[in-house]
There are 2 protein chains.
Amino acid sequence: MDLTERKRRILRAIIESYIQSAEPVGSKAIAQAIGMEVSSATIRNEMADLESMGLLEKPHTSAGRIPSPKGYRLYVNELMEEHKLSLQETQRINQALRLKMQELDRVLDQAGRVVSQLTNYPAFALSSGMSRVTIRRFDLLMVERNAFIIVVMTDSNIVRNRLIRLPSDLTEAQLQMLNTLLNTTFTGLSLEEITPELMRVAQHAAGDAYGLISLVVSFAIEVLESLERRTVHTSGLAHLLELPEYRSLERAQPLLSYLSEDADPARFPVPKDDPMKILIGPENVADALKDTSVVVASYDIGDGMRGVIGVVGPTRMDYAKITARLSYLAEGLSRLFGRGELSDGRDDSK
Amino acid sequence: MDLTERKRRILRAIIESYIQSAEPVGSKAIAQAIGMEVSSATIRNEMADLESMGLLEKPHTSAGRIPSPKGYRLYVNELMEEHKLSLQETQRINQALRLKMQELDRVLDQAGRVVSQLTNYPAFALSSGMSRVTIRRFDLLMVERNAFIIVVMTDSNIVRNRLIRLPSDLTEAQLQMLNTLLNTTFTGLSLEEITPELMRVAQHAAGDAYGLISLVVSFAIEVLESLERRTVHTSGLAHLLELPEYRSLERAQPLLSYLSEDADPARFPVPKDDPMKILIGPENVADALKDTSVVVASYDIGDGMRGVIGVVGPTRMDYAKITARLSYLAEGLSRLFGRGELSDGRDDSK
DNA sequence: GTTAGCACTCAGGGGGTTTGAGTGCTAAAA
DNA sequence: TTTTAGCACTCAAACCCCCTGAGTGCTAAC
């Protein structure tokens, strides 16, 4: 796509004005905006050219021009200037990262919220389900004679626990025996490898305490399953209604329900190779997103796994600002996970 | 409020029609609906009476009538027929209760979602923050030479854990010592009782491992704080837009943002004495809820604590159906917690 | 290649009219 | 006394029409 410098300036001015105002942009406004000594007629000629190249479109004959998805694409790839975060913005992100981010589980949710607040657009966060997680170790802690805590730690250093109450009493020795048995039999196994036969063998070996085996192992299975499952968290959906393009319910509702809770993780785009990806309008696969744009970033959560966080908005979203904030946050999250600062989880019972 | 039987029937018919259609109800429609051999003129006279009693109102002179909040209140208190759950509905609720309810932490969220799906209204769930929680016991589990797991259990039987990595190595003996020290010094203490002086004394006693004390104790403090904090989960906000009364953005948006994430728990009404409470329109304290109705139910989560779950919608919400579903679900939740079937939590690190 | 000028287009807003559902009142019937 | 039929009245919503003004494309001159 080779454009004259002037065309580029005009296109950029149109896009930035439209991003701001959501109103079609006329030739006169642009003539002023670019501060060149050309008349609106010249701009009109140029705009006609840009339109025939598919970079602009007209909502109707006598309105100004609006950028086409192709126009946004060119803008994003070539014209857009890096948006620098203000000190205030970085501070806000940093604070958000520090704050309440201790629990891996909530990080997703929290990250989505932060992004949504930061950008004023709805945001989503995906956990990339891990594959072939295994239990690294079991610990059984006696609490009372008829209650103990299971603590399970996976090969990816995730720790979960559960309190178990029993109808009957239990000795410390039994618990010890059980502990050893579990650690020798069920560690290093992935979900598929925990077979009913294995369970039977272990139950046999456990003697009196055979019932406890299945209690503990089914907890372990739950943990493994929950880690392999992908989940979505969305937040800031209400921001959608603040945007002029979603002031009409007919437009807002389908998108809103597409993004709403219980959304299928597969619905959401994921950056493949790059750390960040911008999908403009029809570049989205999902129909409901066909006239929205999505910006997604991924971050490292250790063990080669990546988290995904993204923003959804109208095609005229402020790409420069959003990419800047999103990538800063994603970097922060990577750092957070990388340093292992993030370590808590929680487990509770009753 | 003594009304003739006929007036009661008319009022009820008006309310139920309006609940259904959201359209003002005219005298003719009612004359048919109640199947009495009276003319619309008679109904008009009766409606005029009901209006002068404040039970009905007119949006404007030449429209039909709509129920006033006072009318709904009468309906809820006296006229409403118990809605019976269909087999299908109870099955759905039961299944929802079984499914994915293992983690206390997520119960809130999950319960809100279920309600929202069940009623097609936005729902909220509150955790009633506990007061004066204390740590009952500490367990430190060695993982590697430079990593260990903290497991903390509160007096309310909630267990949380965290993985800690250290820059330097640690002996099993040190960990043992630390463990004993923590259990003798910091158990049975509430948040306020964990003073800096106490910390200093303990650090002194810990010798070389003094740094670890603050690591572990600050984790314990985090846990106590998180339990004392009240939180809200909202879900199904998108349902709001499906309702005719919220088809105009000006009406939907304030409510939506009132309910949106990061909402203050104090905003939400809580049933005090009864297990269920209905707040109709102006009966709500919050301005944003002045022309909505809220139905809240509470359920027992053990230790004398109660969870709260509620539904928000237009004043013409289907009280019969919603109270039935909500109370069934609340009972189910109470049972679930009561039996202690609910026990998992989760804790993870890295 | 650029500009001024001009005829043309069309969404959006304002104002007026029509429609129809619903009301209140009155007078007659039960 | 209660109910009913009839009729005049009201008013939101739908529709229509016209006007306005921002913006365009084209052409002819610079």
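So you know, we letter chains A, B, ... as the sequences are listed, proteins then strands, and number each from 1.
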*Asks:* Could you state the CD-P distance from B/Gln32 to C/dG22, rounded to the nearest angstrom?
*Replies:*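 Rounded to the whole Å, the gap is 11 Å.
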
*Asks:* What nucleotide among D/dT24, C/dA11, C/dT23 has an atom nearest to a side-chain atom of B/Arg65?
*Replies:*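 Closest nucleotide to the B/Arg65 side chain: C/dT23.
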
*Asks:* Rounded to whole angstroms, how far apart are CG on B/Asn45 and C1' on D/dT2?
*Replies:*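 Whole-Å distance recorded here is 9 Å.
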
*Asks:* Describe the nucleic acid contact of B/Lys58 in one word from base, sugar-phosphate, nothing, applying a heavy-atom distance below 4.0 Å.
*Replies:*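 Since only primed, P, OP1 and OP2 atoms lie under 4.0 Å of B/Lys58, the category is sugar-phosphate.
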
*Asks:* Expressed as a whole number of angstroms, how long is the span from A/Lys28:NZ to D/dG21:P?
*Replies:*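 Spelled out: NZ on A/Lys28 to P on D/dG21 is 13 Å.
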
*Asks:* With side-chain hydrogen bond (donor to acceptor under 3.5 Å, both in side chains) as the rule and sequence neighbours excluded, what pairs involving residues 58-67 of chain A come up?
*Replies:*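 For residues 58-67 of chain A, and leaving out neighbouring residues, the side-chain hydrogen bond (donor to acceptor under 3.5 Å, both in side chains) pairs sorted by first residue read A/Glu51-A/Arg65.
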
*Asks:* Starting at atom CG of A/Leu56, determine the distance to atom C1' of D/dT24, rounded to an integer number of angstrom.
*Replies:*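 That distance rounds to 14 Å.
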
*Asks:* Provide, to the nearest angstrom, the distance between the CD atom belonging to B/Glu46 and the P atom belonging to C/dT23.
*Replies:*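 Distance, rounded to whole Å: 13 Å.
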
*Asks:* Looking at D/dT24, C/dA11, D/dT4, which one has an atom nearest to any side-chain atom of A/His60?
*Replies:*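 Among D/dT24, C/dA11, D/dT4, the one nearest the side chain of A/His60 is C/dA11.
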
*Asks:* Quickly work out the A/Ile30 CD1 to D/dA22 P distance and round it to whole Å.
*Replies:*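 Atom CD1 in A/Ile30 sits about 16 Å away from atom P in D/dA22.
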
*Asks:* Which is more 5' along DNA chain D, the nucleotide nearest A/Glu51 or the one nearest B/Arg44? Just name the residue.
*Replies:*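 It is B/Arg44 whose nearest nucleotide is closer to the 5' end.
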
*Asks:* Listed in order of residue number, which residues of residues 16-24 of chain B have a non-hydrogen atom at under 4.0 Å from DNA chain D?
*Replies:*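 Residues of residues 16-24 of chain B that come under 4.0 Å of DNA chain D do not exist, since none gets that close.
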
*Asks:* Which part of the nucleic acid, if any, lies within contact of B/Ser27, taking any heavy atom under 4.0 Å across all strands shown: a base, the sugar-phosphate backbone alone, or nothing?
*Replies:*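 The residue B/Ser27 makes sugar-phosphate contact but no base contact.
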
*Asks:* Evaluate whether atom NZ of A/Lys28 has more than 12 neighbouring non-hydrogen atoms of other residues, nucleotides or ligands under 6.0 angstrom away.
*Replies:*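 No, the 6.0 Å shell around NZ holds no more than 12 heavy atoms from other groups.
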
*Asks:* Can a salt bridge be assigned to the pair B/Arg73 and B/Glu283 using a cut-off of 4.0 Å between side-chain N and carboxylate O?
*Replies:*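 A salt bridge links B/Arg73 with B/Glu283.
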
*Asks:* What is the distance, rounded to the nearest whole Å, between atom CD1 of B/Ile43 and atom P of D/dA5?
*Replies:*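 Between P of D/dA5 and CD1 of B/Ile43: 12 Å.
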
*Asks:* Rounded to whole angstroms, how far apart are CE on A/Met47 and C1' on D/dG25?
*Replies:*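 Roughly 11 Å, once rounded to whole Å.
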
*Asks:* Which one of A/Glu81, A/Glu78, A/Glu5 satisfies the salt bridge (charged side-chain N to carboxylate O under 4.0 Å, His left out) criterion with A/Arg12?
*Replies:*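 The single option meeting the salt bridge (charged side-chain N to carboxylate O under 4.0 Å, His left out) with A/Arg12 is A/Glu81.
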
*Asks:* Hey, does the side-chain of A/Thr61 have a donor or acceptor N/O within less than 3.5 Å of a partner on the base of C/dT9?
*Replies:*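 Checked by distance alone, the answer is no.
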
*Asks:* Would you say that more than 12 heavy atoms from the other residues, nucleotides or ligands in this model lie under 6.0 Å from the CZ of B/Arg267, or not?
*Replies:*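 Yes.
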
*Asks:* Within 45° of the ring axis of B/Tyr72 and under 6.0 Å from its six-membered ring centre, is that where the NZ or CZ of B/Arg316 lies?
*Replies:*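 No, B/Arg316 does not lie over the aromatic ring of B/Tyr72.
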
*Asks:* Classify A/Ala63 by what it touches in the nucleic acid, base, sugar-phosphate, or nothing, heavy-atom distance under 4.0 Å.
*Replies:*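 A/Ala63: backbone/sugar contact only, no base atoms under 4.0 Å.
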
*Asks:* For B/Glu46, is there an ion pair with B/Arg6 - N to carboxylate O distance below 4.0 angstrom?
*Replies:*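 Answer for the salt bridge query: yes.
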
